[in-house]
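Input: a single structure, listed below in structure tokens.
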Amino acid sequence: MTVSASSTRLYREATANVEDAATAIDMDQKVRRVLLRPMNELIVNFPIERDDGEHVVLQGYRIQHNNVLGPFKGGMRFHQGMDLNESRALATWMTFKCALLNLPFGGAKGGVSIDPKRFSHAELERVVRRFTHALGENIGPEFDIPAPDMGTDAQTMGWMMDTYLNSRGPGERQNARRVVTGKPVELGGSLGREAATGRGAAYALRHLYGQLDRSLRHQSAAIQGFGNVGSHAAEALAELNMDVVAVADKSGAVYHPEGLDVAALMHHASRHRTIAGFTECDTISSEEFFALDVDVLVPAALESQITTDNVGSIRARTIVEAANGPVTNEASDLLEQAGVNVIPDILANAGGVVVSYYEWVQNKTSSRWTAHDIDSRLRDAIWDASDRVGAVRKVQGCSWRRAAYIEAATLLQKVYRLRGIFP
Ligand code: NAD
């Protein structure tokens, strides 16, 4: 399978974001055309051996959308819905995310079309190593730098790095560790990278509340997704004394009107890989979860979770898009018209790529920054981008999403004007 109806819709959403910003800034036609198409598209079919000795052929992708600002950068997703159009959409968003955060990176995305929960640890290692081998010279520390995404983690990046390094000559190996970011700290990963996306989402929310002159204390929050992003977002919101009243994952949703014990839920989820079975709370349906009367809703799982089908039931006053594309453009416009602030994904979940950049710089300079240093730089980066998006929003009188894309598109256009388009 190389495309599905849902991934085709997702890619249409991403190109609509680009079109919308391009129109708003009257972008040069030639730049617009370049930004509407990924630069390179790679599909690899590779065999792996299952534990029972059978061989299966899997399909993997890497879409390199744009590298005018620097090396391609973006996650590797292992999910059964992963395909060419999903990769194209996510890679396009990465270009704009890196531009918005002023990072010297371009945009890419890729992954393998599998449900990782159906593979053993040993099988997953073989998948990662064989996929990395198939990608060959199409990734590299100054060319295209993968990171974790849905269904992948620090261990995945460790295997990817090791496979890549083993294809290099001995003299090149140490210097090539930055071919991936989001590695285990012991392998050259950065302190703070694992929690960075969730913490970045919390910083974006803090910035918004600061602008509104409101306190987050005892504001209620519901979080969809309790993997890397959702669990660390929950932890960061609890640190801000917010009441995380509901959490949902693939298995269902849990609810406590006075606030869940986030530390206990994290402990439970790390042992069982799910929130199912957590006690001292009620269980609610997915429909009830989205219709909760909460101050803040944080979708941190999948794309297209809030659409025109269920947007009418949303009662949250603020939405923080910690996942990529969780609210469709149409639903987002309806929410903004109804006075709901929707902090867009390219700002709300940019913390991950920001700290990935810090990891890359630390590897490049053989240095190690402290956790405190990284967290305060992350906060400043998110707040700086939030300030710039807020200023554009004020001038244009538009949504947060459009303002974020305009800010990113303005930089991309400027760079193309200065460089010109070859030849
Ligand atoms: P993950 O695999 O660690 O966790 C995914 C979570 O979503 C799990 O709790 C899973 O149970 C839940 N989930 C899956 N299907 C669901 C469903 N149908 N209903 C409810 N919950 C469901 O993934 P992650 O790394 O936390 O990524 C989540 C999102 O954040 C993705 O959109 C990803 O692209 C985005 N993102 C991740 C990073 C990162 O650093 N990991 C950075 C930027 C953006």
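We number each residue from 1, following the sequence as shown. Everything quoted here is computed from the prediction, not taken from an experiment. Values reported hereafter were calculated over all heavy atoms of this structure, with side chains retained and with hydrogens, waters and symmetry mates removed. Indexing begins at 1, ligand by ligand and atom by atom, following the structure's order.
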Residue and atom name of the nearest protein heavy atom (relative to [atom]), distance in Å to one decimal:
{"atom": "atom 40 (O) of ligand 1", "value": "Thr197 OG1, 2.8 Å"}
{"atom": "atom 5 (C) of ligand 1", "value": "Met150 CG, 4.0 Å"}
{"atom": "atom 11 (O) of ligand 1", "value": "Lys250 N, 3.0 Å"}
{"atom": "atom 19 (N) of ligand 1", "value": "Gln224 NE2, 3.6 Å"}
{"atom": "atom 37 (C) of ligand 1", "value": "Val229 CG2, 3.4 Å"}

Looking only at atom types and distance, does a side-chain atom of [X] sit under 3.5 Å from a main-chain N or O of [Y], one as donor and one as acceptor?
{"X": "Asn363", "Y": "Gly188", "result": "yes"}
{"X": "His268", "Y": "Ala276", "result": "yes"}
{"X": "Ser7", "Y": "Val3", "result": "no"}

Part of [X] with heavy atoms under 4.0 Å of ligand 1, whether side chain, backbone, both or neither:
{"X": "Ala300", "result": "backbone"}
{"X": "Thr274", "result": "neither"}
{"X": "Asn324", "result": "both"}
{"X": "Arg193", "result": "side chain"}
{"X": "Ala322", "result": "backbone"}

Can you list the atoms of ligand 1 that are under 4.0 Å from a heavy atom of [X]?
{"X": "Ala301", "answer": "7 (O), 12 (C), 13 (N), 21 (N), 22 (C), 28 (C), 29 (C), 31 (C), 32 (O)"}
{"X": "Leu302", "answer": "15 (N), 16 (C), 17 (C), 18 (N)"}
{"X": "Gly151", "answer": "2 (O)"}
{"X": "Asp149", "answer": "25 (O), 33 (C), 34 (O), 36 (N), 37 (C)"}

- Would Glu239 and Arg199 count as a salt bridge (charged side-chain N to carboxylate O under 4.0 Å, His left out) if you check the C-alpha gap in whole Å, the side-chain angles of each, and the deciding distance to 0.1 Å? CA-CA 10 Å; Glu239 253 176 50; Arg199 290 192 74 77; 3.4 Å; yes
Polar proximity ligand 1 side, [X] side, N/O cut 3.5 Å exclusive:
{"X": "Asn349", "value": "no"}
{"X": "Phe226", "value": "yes"}
{"X": "Gly227", "value": "yes"}
{"X": "Asn228", "value": "yes"}

- Task: Give, for atom CG of Asn329 and atom CZ of Arg9, the distance between the pair rounded to the nearest 0.5 Å.
- Result: 13.0 Å
- Query: side chain to side chain donor-acceptor pair (under 3.5 Å) between Ser356 and Thr181: does it pass, once the steps are laid out?
  - Reply: CA-CA 5 Å; Ser356 273; Thr181 58; 2.8 Å; yes
- Task: Please state whether the rings of Phe72 and Phe143 are parallel, tilted or perpendicular, taking 30° and 60° as the class boundaries.
- Result: perpendicular
- Is there a heavy atom of Arg77 sitting under 4.0 angstrom from any atom of ligand 1? yes
- Item | Any Glu303 heavy atom less than 4.0 Å from ligand 1 | no
- Item | side chain to side chain contact (heavy atoms under 4.5 Å, CB included) between Asn349 and Asn324, worked out | CA-CA 8 Å; Asn349 70 31; Asn324 283 308; 3.0 Å; yes
- Query: Taking the six-membered ring of Phe46 as reference, does the NZ or CZ atom of Arg130 fall below 6.0 Å from its centre and within a 45° cone about the axis?
  - Reply: no
- Looking at residues at least two apart in the chain, or sitting in another chain, which of them share a side chain to side chain contact (heavy atoms under 4.5 Å, CB included) with Ala391? none
- Item | His207 ring center within less than 6.0 Å of Trp400 ring center | no
- Verdict with supporting geometry, Arg315 and Glu288, salt bridge (charged side-chain N to carboxylate O under 4.0 Å, His left out): CA-CA 11 Å; Arg315 287 196 284 170; Glu288 288 170 319; over 6 Å; no
